[in-house]
Chemist: 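Just passing along the structure, written as structure tokens.
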Amino acid sequence: MKKWVKNAAIALVIPSLLATVVGCGSGKTDGGSAQPAASGGAKERVIKAGIGLNEDHPQGQGLKKFKEIVEAKTGGKIKVQTYFAAQLGDDQKMTEALKGGLQEITIPSTSPLVGTVKEYGIFDFPFVFNDPKEADAVLDGPLGKKLLDKLPQHGLVGLGYWENGFRNLTNSKRPVATADDFKGLKIRTMQNKVHLDAFKALGANPTPMAFSEVFSALESKTVDGQENPLATIESNKFNEVQPYLSLTNHVYTPFVFLVSKKFWDQLSADEKKIMQDAAVEAGKYQREISRQQNGKSLESLKAKGMKVNEVSAADKAKIQEAIKPVIDKYAKEFGEDLVKEMYEEVKKARK
Ligand code: KDG
């Protein structure tokens, strides 16, 4: 064989042989393609990520950002299939699917999760936070971590918190400005016993319901009202079936970024780091989008004809007073030390 042909052959074959050997070393299984580093050490995987809210909602935009980051950092090795608007079912159904390893990711509100980790119920206490930054401090702090650490025993892994937001009441009957205005109103709540008992304590008639059923229940007047952050009220067009919006800001609801433990335990350390970093980075983006959107939604809901009323601090105090026995009851169930720790963390964040 002519000498130069032999040299050329050697020059070509050796490097790819080397790459293959290196590839195998760190668990990459893609047969040693030229630039393994581009996949961040990831294997070919297709994962299903489902949420309850729409693609245009800050939750949907956050999920798209997560997909973008993971696919970029793994050179497209890990593909994130996204499902919006409860296509894969509501929060509780998707959470159960994660436990069974039938789905990889969902980002529910903490409220419907109290059936799994009851302590998440502390975030359903009214008027805990005055602004989202206080919530960030508590959720991203030791208390938030302590609650995430309760998930693995239930087949779930929590990668952090995103923002659902401050909830406000809408209804088809009247403006709600005082504690008495709640009396007799049929209100849809999340599947959460603190919310149910709190609205009962105000003399309302609450009904627990999955989010995907709310619009038709309002339209058919099965219920008079519901409560959600402004971005959700607009994204799901509740203004079309609800004339009144009362700015109660009565509860701040976090989202928790959940991964199936069955799936998580298959991942390499590199892959886990990519997923964890992406959930945090996309979470920061999502919180920002959420705060901007909630501001914009108030103006556009007014422009779309909703009759908006404020609720005075004095009336919020009366509402809180009326609900106090419910909070005292659940503080015992969830752990008074934990509740005390939450309020102390909030005080610290307020300084
Ligand atoms: O995935 C999130 C939604 O499904 C849900 O949590 C939204 O706040 C919500 C509600 O009222 O159900």
Side-chain angles (χ1 to χ4, degrees), residues 91-92 95 108-154 156 158 160-161 163-169 178-179 182-183 187-208 227-229 248-256 258 311 313-351:
D91 288 354
Q92 289 183 330
T95 303
S109 293
T110 50
S111 309
L113 209 55
V114 291
T116 298
V117 174
K118 69 176 182 185
E119 290 84 357
Y120 270 121
I122 64 174
F123 296 131
D124 296 301
F125 291 1
F127 309 115
V128 172
F129 304 111
N130 285 348
D131 80 49
K133 291 272 180 244
E134 291 172 8
D136 296 351
V138 174
L139 292 165
D140 301 344
L143 182 90
K145 174 93 176 50
K146 188 184 287 186
L147 295 176
L148 291 178
D149 294 344
K150 293 179 183 293
L151 291 164
Q153 63 192 297
H154 302 283
L156 301 166
Y161 299 97
E163 173 165 283
N164 189 345
F166 284 102
R167 309 179 74 85
N168 296 281
L169 184 80
T178 67
F182 286 88
K183 288 197 171 44
I187 296 175
R188 174 268 174 180
T189 71
M190 288 185 280
Q191 298 111 323
N192 177 281
K193 53 190 175 187
V194 181
H195 286 240
L196 282 168
D197 288 355
F199 280 108
K200 279 184 195 144
L202 289 164
N205 173 357
T207 308
E227 37 83 60
N228 253 290
T248 49
N249 271 340
H250 53 277
V251 163
Y252 176 93
T253 303
F255 288 137
V256 56
L258 295 180
V311 179
D315 283 305
K316 284 182 182 172
K318 289 196 186 109
I319 293 168
Q320 189 149 20
E321 198 47 41
I323 300 173
K324 193 171 179 317
V326 172
I327 303 311
D328 295 346
K329 176 177 95 176
Y330 285 112
K332 289 193 183 66
E333 184 179 329
F334 302 150
E336 270 150 335
D337 295 352
L338 190 70
V339 172
K340 196 158 157 283
E341 184 185 349
M342 175 175 67
Y343 287 117
E344 274 157 11
E345 292 286 316
V346 171
K347 238 189 250 137
K348 261 193 249 156
R350 244 170 227 164
K351 284 207 186 93

Chemist: Using ring-ring contact (aromatic ring centres under 6.0 Å, His included) as the criterion, list what pairs up with F127, not counting sequence neighbours.
Modeler: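 For F127, no residue satisfies ring-ring contact (aromatic ring centres under 6.0 Å, His included) once neighbours in sequence are set aside.
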
Chemist: Would you please name every residue forming a salt bridge (Lys or Arg N to Asp or Glu O under 4.0 Å) with R188, sequence neighbours left out?
Modeler: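 With sequence neighbours excluded, R188 shows a salt bridge (Lys or Arg N to Asp or Glu O under 4.0 Å) to no residue whatsoever.
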
Chemist: Report the distance from atom CG of N168 to atom NE2 of H250, rounding to the nearest 0.5 Å.
Modeler: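 If I round to the nearest 0.5 Å, the distance is 7.0 Å.
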
Chemist: Minimum heavy-atom separation for A322 to A201, with atom names?
Modeler: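 Distance-wise, the nearest heavy atoms are O-CB, 3.7 Å.
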
Chemist: State whether the side chain of Y252 and the backbone N or O of A135 hold a donor-acceptor pair below 3.5 Å, judged by distance alone.
Modeler: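 Such a contact is absent between Y252 side chain and A135 backbone.
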
Chemist: Who passes side-chain hydrogen bond (donor to acceptor under 3.5 Å, both in side chains) against E336, sequence neighbours left out?
Modeler: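 Result, side-chain hydrogen bond (donor to acceptor under 3.5 Å, both in side chains) vs E336: none returned.
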
Chemist: By side-chain hydrogen bond (donor to acceptor under 3.5 Å, both in side chains), which residues pair with H195, not counting sequence neighbours?
Modeler: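 side-chain hydrogen bond (donor to acceptor under 3.5 Å, both in side chains) check on H195 returns D124.
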
Chemist: With sequence neighbours left out, what residues match Y120 under ring-ring contact (aromatic ring centres under 6.0 Å, His included)?
Modeler: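 ring-ring contact (aromatic ring centres under 6.0 Å, His included) list for Y120, sorted by chain: empty.
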
Chemist: Please identify each residue that fulfils side-chain contact (heavy atoms from CB on, under 4.5 Å) with N205, with sequence neighbours left out.
Modeler: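 Here the qualifying residues are K186.
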
Chemist: Let me confirm one number: the CZ-CG distance from F123 to L139, rounded to the nearest 0.5 Å.
Modeler: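 The distance works out to 4.5 Å.
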
Chemist: Is D315 close to K318 at the side-chain level, that is, under 4.5 Å between some pair of heavy atoms?
Modeler: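 K318 vs D315: side chains touch.
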
Chemist: Can you list everything that forms a salt bridge (Lys or Arg N to Asp or Glu O under 4.0 Å) with D131? Sequence neighbours excluded, please.
Modeler: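 Partners of D131 under the salt bridge (Lys or Arg N to Asp or Glu O under 4.0 Å) test: none.
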
Chemist: Which residues satisfy the salt bridge (Lys or Arg N to Asp or Glu O under 4.0 Å) test with K118, sequence neighbours excluded?
Modeler: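 K118 satisfies salt bridge (Lys or Arg N to Asp or Glu O under 4.0 Å) with no other residue.
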
Chemist: Considering residues at least two apart in sequence or located in another chain, which fulfil the side-chain hydrogen bond (donor to acceptor under 3.5 Å, both in side chains) criterion with T189?
Modeler: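 By the side-chain hydrogen bond (donor to acceptor under 3.5 Å, both in side chains) rule, T189 matches no residue at all.
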
Chemist: In plain terms, say whether K146 and E119 are close enough for a salt bridge, that is, a side-chain N and a carboxylate O under 4.0 Å apart.
Modeler: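 Salt bridge: no.
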
Chemist: Just jot down the side-chain contact (heavy atoms from CB on, under 4.5 Å) partners of K324, sequence neighbours excluded, or say none.
Modeler: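 Applying side-chain contact (heavy atoms from CB on, under 4.5 Å) to K324 gives E321, D328.
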
Chemist: To check you understand the geometry: which heavy-atom pair defines the closest contact between R350 and V128, and what is its length?
Modeler: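 Nearest pair, atom of R350 first, then V128: NH2-O, 3.2 Å.
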
Chemist: Testing V117, V256, L148, T95 one by one against L156 for a side-chain contact (heavy atoms from CB on, under 4.5 Å), which residue passes?
Modeler: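 Going through the options one by one, the only one that passes is T95.
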
Chemist: Against F199, only a single residue in V326, I323, I187 fulfils side-chain contact (heavy atoms from CB on, under 4.5 Å); can you say which?
Modeler: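 The residue from V326, I323, I187 that satisfies side-chain contact (heavy atoms from CB on, under 4.5 Å) with F199 turns out to be I187.
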
Chemist: Salt bridge (Lys or Arg N to Asp or Glu O under 4.0 Å) with K316: which residues, sequence neighbours excluded?
Modeler: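 Here no residue qualifies.
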
Chemist: Are any of the side-chain heavy atoms of L338 and L143 separated by less than 4.5 Å?
Modeler: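 Heavy-atom side-chain distance check passes, below 4.5 Å.
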
Chemist: Are the side chain of R167 and the backbone N or O of E227 linked by a donor-acceptor pair below 3.5 Å?
Modeler: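 Such a contact is found between R167 side chain and E227 backbone.
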
Chemist: State which residues pass side-chain hydrogen bond (donor to acceptor under 3.5 Å, both in side chains) with K329; sequence neighbours excluded, sorted by chain then number.
Modeler: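 By the side-chain hydrogen bond (donor to acceptor under 3.5 Å, both in side chains) rule, K329 matches D197.
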
Chemist: How long is the span from the CG atom in L113 to the CG atom in D91, to the nearest 0.5 Å?
Modeler: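 Here the interatomic distance stands at 8.5 Å.
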
Chemist: Once rounded to the nearest 0.5 Å, what's the spacing between atom CD of Q320 and atom CZ of F125?
Modeler: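 That separation rounds to 11.0 Å.
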
Chemist: In Å, rounded to the nearest 0.5 Å, how long is the span from CD1 of I122 to CD1 of I327?
Modeler: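 Answer for the CD1-CD1 pair, I122 versus I327, is 11.5 Å.
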
Chemist: Donor-acceptor pair, distance only, cut-off 3.5 Å: does the side chain of N164 make one with the backbone of P254?
Modeler: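 A pair under 3.5 Å: no.
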
Chemist: Can you measure from CG (N228) to OG1 (T253) and round to the nearest 0.5 angstrom?
Modeler: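 Atom-to-atom, N228:CG and T253:OG1 are 7.5 Å apart.
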
Chemist: Between S109 and F255, what is the shortest heavy-atom contact and its length?
Modeler: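 Scanning both residues, the minimum pair turns out to be OG-CE2, 3.5 Å.
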
Chemist: Taking all heavy atoms of P132 and all of E163, pick out the closest pair and write down the distance.
Modeler: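 Of all heavy-atom pairs spanning P132 and E163, the closest is CB-OE1, 3.5 Å.
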
Chemist: Could you check if a side-chain atom of P208 sits within less than 4.5 angstrom of a side-chain atom of L196, using non-hydrogen atoms only?
Modeler: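 Yes; the side chains approach each other to less than 4.5 Å.
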
Chemist: Provide the closest heavy-atom pair for F182 versus T248 in the form atom of the first, atom of the second, distance.
Modeler: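 Nearest heavy atoms, F182 then T248: CZ-CG2, 4.3 Å.
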
